[in-house]
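Have a look at the structure below before the remarks.
In what follows, chains carry the letters A, B, and so on, assigned in the order in which the sequence lines appear, proteins first and then strands, with residues in each chain numbered from 1. Values below: all heavy atoms of this structure, side chains included; hydrogens, waters and symmetry mates excluded.
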2 protein chains.
Amino acid sequence: MSVEAANDQGFSLDAYLPYRLSVASNAVSGLIARAYQDRFSLSIPQWRVICVLAEDGGVTQGQIVGRTMMDKVTVSRAAQELLKRHLVARTDHQADGRSHVLALTAEGSSLHAEIAPLALAYEAALISGLAPGEVALLKRLLTRLQSVAGQLAGDATQA
Amino acid sequence: MSVEAANDQGFSLDAYLPYRLSVASNAVSGLIARAYQDRFSLSIPQWRVICVLAEDGGVTQGQIVGRTMMDKVTVSRAAQELLKRHLVARTDHQADGRSHVLALTAEGSSLHAEIAPLALAYEAALISGLAPGEVALLKRLLTRLQSVAGQLAGDATQA
DNA sequence: GCCATATAGTATCATATGCAACGATATTCG
DNA sequence: CGAATATCGTTGCATATGATACTATATGGC
C-alpha cells in the first residue's frame, strides 16, 4: 500500500522472532525491575543473587555466575551492595583464599520470603489467560532458544 | 539436599518465567547484535530504524517510536548516525516544522536488502527443530506477555 | 491575533553494563 | 621447591541506556 517504499523482500520486523523476544522481555523486565526497585530498593541482579542463595545455600560468586548467566562483575557489585545492607554474609572459603562463601543473613532470608510471593503474583498475572500447557511449552521453547543461541555464539553453554 | 539453606518456599529462579525470558532474550539479542556490529557496524536500534523505513517508507521519528517501543532518544541517535553514513535521508515535514521525514537512500535500501537474508537465516537457525505450530504459538505468547506487562505497568500500550 | 499549553526532536546527565587490566592466591610442571 | 600459568574477585574504563530539561514549533482557548 505504501507509495514509494516497496523495498520489502518479505522481511517483517513485527514477525521477526528476535525482535518480538526482545520487546516482550524488555516490557516484562521493566515491570519487574520497577516493582523490586520501588518496594525493596533491589536491582534484578541483587534479587537473583538472593534467590540463588535461598535455593542453594552457601555458594561462591563464581558458582552464582555459572548458575545465572550474569557477568562476574555484575555479581560482584550485587554482592557488595547486599553485604553493605547486611542481607548476605561472607565467610572465607576454607580451601581457596581468593574466594568467599556467600549466604543469606536472617534479614536477607526474611526479605526473600517477603518478596517471593510478590514475584509469583507477577508471574501469575502475566500468564493469566494462558493454558498450563502453553506456559510449559513457552518455558521449554525459551530454554531451547537460549541453548541454540549459545551454540551459535560458539559458546560452551551446555544444552 | 542443601544442609542449611532450606529457605525455599517453592520459588525457583530457574522456573521463573520473567527470568527465563530475560536470559533467553539476552542470549539471542547478544548473538544478533554481535553479528550486525561485526559485519555492518550497525547497532540493533539502527537496524530497527532501517527495517521500519524499508517497510513503511517515509515516516517521522515519532512514528518509528510508536511502532518499535524504542525510546525517542534511542531513535534520535540511531537516525543521526544513519544520516551521517548516508543510509537515510531527511526532508522537512511539509506540515510540521518540528518534524522531519526519514527515508532510506539507495545505499540504505541496498544494505537492508543485504542484511535481511542474514537476519532470516539467524531466525531459521534459532527455530530449527521446532514445529511451525510451536513457533507461531511462541510469537503469540510473546505478544500477549508484552501486552499484559504493558497493562500492568499502567501503560497505554494497546492490546 | 495572542497567550497558554502540548508536542517533535535534541542535549545533558546520571546510571547500568560489560570488557580488559589488575592483585592475590592456586595449580602445574620442571 | 620455584617459575610459569590459570583462576577468583575487584577496579577502571569505555559505551549504552533512559529520565529530565531544553529549544523550536504547533495548537487551542479567548
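From I44(A), atom CD1 reaches atom OG1 of T74(A) across 12.0 Å, with rounding to the nearest 0.5 Å. Of the inter-residue distances, the one linking L102(B) atom CG with L87(B) atom CG reads 12.0 Å to the nearest 0.5 angstrom.
Sorted by residue number, the members of residues 95-103 of chain B with any non-hydrogen atom under 4.0 Å from DNA chain C read R98(B), S99(B), H100(B). Of the residues in residues 74-86 of chain A, those lying under 4.0 Å from DNA chain C by heavy-atom distance are T74(A), R77(A). For the contact set between residues 25-44 of chain B and DNA chain C, defined by any heavy atom under 4.0 Å, there are no members.
Using a 4.5 Å heavy-atom cutoff, the side chains of L138(A) and I127(A) are not in contact.
Legend: residues meeting salt bridge (Lys or Arg N to Asp or Glu O under 4.0 Å) with R39(B), ordered by chain and number and at least two apart, are absent. Residues satisfying the side-chain hydrogen bond (donor to acceptor under 3.5 Å, both in side chains) test with R144(B), not counting sequence neighbours, are none. Qualifying salt bridge (Lys or Arg N to Asp or Glu O under 4.0 Å) partners for D14(A), counting only residues two or more places apart in sequence or in other chains: R67(B). The side-chain contact (heavy atoms from CB on, under 4.5 Å) test applied to T68(B) returns L13(A), Y19(A), V52(B), I64(B), M70(B), not counting sequence neighbours. With sequence neighbours excluded, the residues that form a salt bridge (Lys or Arg N to Asp or Glu O under 4.0 Å) with R140(B) are E134(A). Residues passing the side-chain contact (heavy atoms from CB on, under 4.5 Å) test with E81(A) are Q46(A), K84(A), R85(A), sequence neighbours excluded. D96(A) pairs by the salt bridge (Lys or Arg N to Asp or Glu O under 4.0 Å) definition with R98(A), not counting sequence neighbours. For Y122(A), there are no ring pair (Phe, Tyr, Trp, His ring centres under 6.0 Å) partners at least two apart in sequence or on another chain.
Atom-to-atom, CD of Q63(A) to C1' of dG9(D) comes out at 14 Å; the value is rounded to the nearest Å. Whole-Å rounding puts the D92(B) CG to dA24(D) P distance at 16 Å. Regarding H93(B), its NE2 atom lies at a distance of 12 Å from the C1' atom of dT25(D), rounded to whole Å.
At distances below 3.5 Å, at least one donor-acceptor pair connects side-chain atoms of K139(B) with backbone N or O atoms of A15(A). Judged by distance alone, with hydrogens and angles left aside, the side-chain atoms of S109(B) form no donor-acceptor pair with the main-chain N or O of L104(B) at under 3.5 Å.
Counting 5' to 3', DNA chain C first comes under 4.0 angstrom of a heavy atom of chain A and last does so at the ends given by dT17(C) to dA26(C).
Nucleotides of DNA chain D nearest to T60(A) and D71(B) differ in position, and the one nearer the 5' end is that of T60(A).
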